[in-house]
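First up is the structure itself, then whatever we jot down about it.
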Amino acid sequence: MSDILLRFIHISDTHISADPHYNDDGAMHTPLIGAQSVVHEINHLPFTPDFVLHTGDVAYNPDASAYDTARDVFSALNVPIYYVVGNHDYAEPLQRVMLGRTENVKTPYDDTFEVKGVQIILMDSNRPAPNYCGRVSDEQLAWLDGFCRADDDRPLIVAVHHNVLPMGSPLWDEKMKMVNGEAFHRTLLPARDRLRGVFFGHVHQNTDTLRDGILYTSALSTWYQFHNYPDQVDFEVDRHAGPGYSIVTVTRDQTFIRRYRYTVDAGSLIE
């Protein structure tokens, strides 16, 4: 496939704590070991990805010590990593600790960059909202609109933490969704011909939603996964689902997503 532009790894919801023993009763391993293990997996792939995209909840809660630990974990990657702010994150320490920024720290943390002719936009969906929902501000939508209406033929990737559109479940749609997701979706429409996917986290599952030619796709957590049946209203941990990541290949006119799971040795940390 000579028209391949880039390949990247999509990970999400690492929930790293400074406490190596921090865990949830429903999880099969600690978030720290899950994150260390995915770094090991990525570093031992039979190819070198262009970068890793982390769609949020880097830390279990927004404190500097958790980000210090996360920085140590992801500094072992052999490729660059880019972060989206999750609902368990906080924009300022994420930028200061994970990105090493002492100036130009932004709240909300939105950013754009280019890799191999592909434009990537990172959006912070953590403006105030009820429950575990997300929201982007009118100013953020205007910023995004400028890129989507631009005379630009570069393939486009958008990354955000919250699920943008309804997904057919009360838990996701009433307690977790971006509350102004419909406005977000409308903002993307002018760019849909070059938009290769909207990548998100938050739901701790592999999912795909297609509307108006725009693909919305999530990745597994590296920690634990949620059950989510059509009528489910409360959180329920899937105790039998392991962690995972996605390999995303972007061409001039297509997106290929392959989902992978990996095993974790819960009895040891990876040095």
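When reading the values below, keep in mind they use all heavy atoms of this one structure, side chains included, and skip hydrogens, waters and symmetry mates.
With hydrogens and angles disregarded, no donor-acceptor distance shorter than 3.5 Å links the side chain of Asn206 to the backbone of Ala219. The backbone N or O of Gly181 lies less than 3.5 Å from no partner atom in the side chain of Lys177, so there is not a single donor-acceptor pair. Under the 3.5 Å distance criterion, the side-chain polar atoms of Gln95 are left unmatched by any main-chain donor or acceptor of Gly100. In this structure, Thr249 contributes its side chain and Arg7 its backbone to no donor-acceptor pair below 3.5 Å. Looking at Asp13, its side chain never comes within 3.5 Å of a backbone N or O of Asp57 through a donor-acceptor pair. Using modelled atom types, no side-chain atom of Asn163 and backbone atom of Met178 make a donor-acceptor pair closer than 3.5 Å.
A side-chain N or O of Arg194 and one of Gln119 form a donor-acceptor pair less than 3.5 Å apart. Checking Thr207 against Ser218 by side-chain atom types alone, a donor-acceptor pair falls below 3.5 Å. A donor-acceptor contact closer than 3.5 angstrom links the side chains of Asp89 and Tyr67. Under the 3.5 Å distance criterion, with hydrogens and angles disregarded, no donor-acceptor pair is assigned to the side chains of Asn126 and Asn87. No side-chain donor-acceptor contact under 3.5 Å links Ser246 and His10. For the residue pair Asn228 and Ser169, a side-chain donor N or O sits within less than 3.5 Å of a side-chain acceptor on the partner. Counting only N and O atoms by type, the side chains of His29 and Tyr224 include no donor and acceptor under 3.5 Å apart.
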Derivation of the side-chain contact (heavy atoms from CB on, under 4.5 Å) call for Thr251 and Asp3: CA-CA 6 Å; Thr251 75; Asp3 62 341; 3.7 Å; yes

Worked check of side-chain contact (heavy atoms from CB on, under 4.5 Å) between Met176 and Asn131: CA-CA 7 Å; Met176 299 183 73; Asn131 298 314; over 6 Å; no

Verdict with supporting geometry, Leu32 and Trp223, side-chain contact (heavy atoms from CB on, under 4.5 Å): CA-CA 8 Å; Leu32 178 59; Trp223 186 18; over 6 Å; no

Working for side-chain contact (heavy atoms from CB on, under 4.5 Å), residues Phe200 and Val164: CA-CA 8 Å; Phe200 65 99; Val164 175; 5.9 Å; no

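Pairing each heavy atom of Val136 with each of Ser125, the nearest pair is CG1-CA, 3.8 Å. Of all the heavy atoms in Ala70 and Val58, the pair that sits closest is CB-CG1, 3.8 Å. Between Gln205 and Gln225, the shortest heavy-atom contact is N-OE1, 4.3 Å. Closest of all the heavy-atom pairs between Arg252 and Pro155 is NH1-CD, 3.3 Å. Here the shortest heavy-atom pairing between Gly201 and Thr55 reads N-OG1, 3.4 Å. Taking every heavy atom of both residues into account, Ala66 and Ile16 meet most closely at CB-O, 3.6 Å.
Between Thr107 atom OG1 and Tyr109 atom OH the span is 11.5 Å, to the nearest 0.5 Å. Distance check: Thr187 OG1 to Leu141 CG gives 4.5 Å after rounding to the nearest 0.5 Å. Atoms OG and CE, from Ser75 and Met98 in turn, are 8.5 Å apart once rounded to the nearest 0.5 Å. In this structure, OH in Tyr60 is found 4.5 Å from OG in Ser17, a value given to the nearest 0.5 Å. Note that SG of Cys133 and NE2 of His162 are 7.0 Å apart. Values are rounded to the nearest 0.5 Å. If you take CG on Asn180 and CZ on Arg186, they are separated by 9.0 Å, rounding to the nearest 0.5 Å.
Side-chain atoms of Glu182 and Leu165, non-hydrogen and from C-beta on, do get closer than 4.5 Å to each other. Two residues are said to be in side-chain contact when any heavy atoms from C-beta on lie closer than 4.5 Å; Asp152 and Phe147 fail this criterion. Within the 4.5 Å cutoff, the side chain of Ile257 has heavy atoms near those of the Thr217 side chain. You'll find the side chain of Val198 stays beyond 4.5 Å of the side chain of Leu215, heavy atoms only. Between Gln140 and Arg127 there is a side-chain heavy-atom pair separated by less than 4.5 Å. Within the 4.5 Å cutoff, the side chain of Thr222 has no heavy atoms near those of the Ser37 side chain. Put simply, the side chain of Leu144 reaches to within 4.5 Å of the side chain of Met123, judged on heavy atoms. Contact annotation: the side chain of Ile214 never approaches that of Leu210 to less than 4.5 Å [non-hydrogen atoms, C-beta and beyond].
Applying the salt bridge (charged side-chain N to carboxylate O under 4.0 Å, His left out) rule to Arg261 yields no partners; only residues at least two apart in sequence or on another chain are considered. Here His161 pairs with His202 under the ring-ring contact (aromatic ring centres under 6.0 Å, His included) rule; sequence neighbours left out.
The existence of a salt bridge linking Asp234 and Lys175 is confirmed by a sub-4.0 Å separation between a basic side-chain nitrogen and an acidic carboxylate oxygen. Under the 4.0 Å criterion applied to side-chain N and carboxylate O atoms, Lys116 and Asp50 are assigned as salt-bridge partners. Between Asp145 and Arg149, at least one side-chain nitrogen of the basic residue sits less than 4.0 Å from a carboxylate oxygen of the acidic one, meeting the salt-bridge criterion. Ion pairing between a basic and an acidic side chain is recognised when a charged N comes within 4.0 Å of a carboxylate O; Arg101 and Asp111 show such pairing. A salt bridge links Arg259 with Asp208; the closest basic N to acidic carboxylate O contact falls under 4.0 Å.
For the side chain to side chain contact (heavy atoms under 4.5 Å, CB included) with Leu195, the lone residue among Ile157, Leu189, Leu188, Ile121 that qualifies is Leu188.
Under the 4.5 Å side-chain contact rule for hydrophobic residues, Leu220 and Phe256 do not share a cluster. Following chains of ILVMFWY side-chain contacts shorter than 4.5 Å, one cannot reach Val237 starting from Tyr229, and the two form parts of different hydrophobic clusters. Tracing side-chain contacts under 4.5 Å through hydrophobic residues (I, L, V, M, F, W, Y), one never reaches Val179 starting from Val84; they form parts of separate clusters. Under the 4.5 Å side-chain heavy-atom criterion for ILVMFWY residues, a single connected hydrophobic cluster contains both Tyr262 and Val79.
Applying the ring pair (Phe, Tyr, Trp, His ring centres under 6.0 Å) definition to pairs two or more places apart or across chains, those involving residues 111-140 are Tyr82-Phe113, Tyr132-Phe235.
Around CZ of Arg96, the count of heavy atoms belonging to other residues, nucleotides or ligands within 6.0 Å exceeds 12. The 12-atom threshold is exceeded at CG of Asp212, counting heavy atoms of other residues, nucleotides or ligands nearer than 6.0 Å. By the neighbour-count criterion of 12 heavy atoms within 6.0 Å, atom CG of Asp253 is densely surrounded, having more than that number from other residues, nucleotides or ligands.
The aromatic rings of His54 and Phe74 lie perpendicular to each other, with more than 60° between the two planes, well past the 30° mark. Note: Phe51 and Phe8 have parallel aromatic rings, judged against thresholds of 30 and 60 degrees for the angle between ring planes. Note: His40 and His44 have tilted aromatic rings, judged against thresholds of 30 and 60 degrees for the angle between ring planes. Tyr260 and Tyr245 have parallel rings, their planes meeting at less than 30° on a 0 to 90° scale where 60° marks the start of perpendicular.
Between His204 and His15, the distance separating the two ring centers is shorter than 6.0 angstrom.
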